[in-house]
Novice: 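Take a look at this one; I'll ask things after.
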Amino acid sequence: MANTNQNPENCNGACDTCGTDCPSRNGGTPNFRIEPHKRSSIKKMIGIVSGKGGVGKSFVTSALAVEMARRGYRVGVLDGDITGPSMGKVFGVKQKAMGDGELMYPAKTKLGIQVVTANMLLESDDQPIIWRGPMVAGILKQFYQEVFWDRVDYMFVDMPPGTGDVPLTAFQSFPLDGIVVVTSPQDLVSMVVEKAINMAQMMNIRVLGLVENMSYVECPDCGKKMYVFGNSHIEEVAEKFGLDVLARIPLDEKNAVLSDEGAIEDLTVEPLKKAADFIETL
Ligand code: ADP
């Protein structure tokens, strides 16, 4: 069947049967970027990415947002992990979605961080989100386009995990100024980080740098650093891709406890200050 598709979002790659004059025809990348609503304003948008789950992507997203809010910036957090949302929990946000018929309003944290997460759409937090890919991708875009983001200086996106359909939508649709790749020492051995970096680079998205989380444990008595997951390979990976290591964060009980209690705003993650300094220069 002839492809009469005029909408690049529905592109099936069959240029020979399609009349659309889009950049992919000339070997370029079609532009799928979406715009925020005209009432919203977002100056910088930074995605936080990891190769696999459980390495602390959400922790780093929220801790970076807190650091920037403490520096006086207006900060937004878009929880792009639609099926495994955690931003409501770490920020202690219980508010459900509210809107004015046109736009949805983000929840506000104690520090005034604007947060939008899929939990706001559910009656109770233990309800699973059992949606197919296109629906998840649709919500992800709505969280950007149909939310009133009020004069945000820095928007942090907890990016959907993996390299499938939904993360692809996030990479293609959001006008990201860059991504921060979060890893853990074990993660680096399994090459999943390299896949995440390659995916971003293939999509022409700037990788701002690497954050190694759960890097070491510090002895509370003598301060000695113990590399419980073996030697780190982060410097090698950074060198291979020409990237900077923005932070190395220890595994620390208080990080887990305060996140789980919804009190991330009471936490200072010292090693992330360097990453925040860098983000300020963007
Ligand atoms: P991801 O988003 O990559 O799946 P999370 O940020 O949800 O991972 O982190 C997984 C768990 O590990 C959470 O319970 C979180 O509180 C905890 N955690 C993350 N980073 C640290 C750390 N540096 N020290 C202690 N616990 C951590």
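Every number for a ligand or one of its atoms is a count from 1 in the order of the listing.
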Novice: Counting only heavy atoms, tell me which of S58, P161, S86 gets closest to atom 2 (O) of ligand 1.
Specialist: S58
Novice: Give me the residue, atom name and distance of the protein heavy atom closest to atom 20 (N) of ligand 1.
Specialist: N213 ND2, 2.9 Å
Novice: Return the residue, atom name and 0.1 Å-rounded distance of the protein heavy atom closest to atom 9 (O) of ligand 1.
Specialist: G56 CA, 3.7 Å
Novice: What part of D252, side chain, backbone, both or neither, has a heavy atom within less than 4.0 angstrom of ligand 1?
Specialist: backbone
Novice: Under 3.5 Å, is there a donor on one side chain and an acceptor on the other for E280 and Y73?
Specialist: yes
Novice: Only heavy atoms of K57, strictly under 4.0 Å: list the atoms of ligand 1 that pass.
Specialist: 1 (P), 2 (O), 3 (O), 6 (O), 8 (O)
Novice: Does the side chain of D100 come under 3.5 Å of the side chain of Y105 through a donor N or O and an acceptor N or O?
Specialist: yes
Novice: Examine V55 against ligand 1 and note whether any of their N/O atoms are separated by less than 3.5 Å.
Specialist: yes
Novice: Checking contacts here: is it the side chain or the backbone of A256 that comes within 4.0 Å of ligand 1, counting heavy atoms only? Could be both or neither.
Specialist: both
Novice: For ligand 1, is S215 a contact, meaning one of its heavy atoms is under 4.0 Å away?
Specialist: no
Novice: For atom 12 (O) of ligand 1, which protein heavy atom lies nearest, and how many Å away is it?
Specialist: M214 CE, 3.7 Å
Novice: Which heavy atom of the protein is the closest neighbour of atom 6 (O) of ligand 1, given with residue, atom name and distance?
Specialist: F59 N, 2.8 Å
Novice: Near G54, which atoms of ligand 1 are under 4.0 Å from a heavy atom of that residue?
Specialist: 1 (P), 3 (O), 4 (O), 8 (O)
Novice: Just verifying a value: how many Å separate M203 CE and L168 CG, rounded to the nearest 0.5 Å?
Specialist: 4.5 Å
Novice: Could you check whether T117 and N119, counting side-chain N and O atoms only, form a donor-acceptor pair closer than 3.5 Å?
Specialist: no
Novice: What protein heavy atom lies closest to atom 22 (C) of ligand 1? Include the residue and the distance to one decimal.
Specialist: N255 ND2, 3.5 Å
Novice: Report the distance from atom OG of S41 to atom CG of D153, rounding to the nearest 0.5 Å.
Specialist: 8.0 Å
Novice: Tell me which one of Y144, F156, F32 satisfies ring-ring contact (aromatic ring centres under 6.0 Å, His included) with F174.
Specialist: Y144
Novice: Who's the nearest protein heavy-atom neighbour of atom 13 (C) of ligand 1, and how far?
Specialist: D260 OD1, 4.7 Å
Novice: I want to know if ligand 1 touches P250 in the polar sense, i.e. an N/O pair below 3.5 angstrom.
Specialist: yes
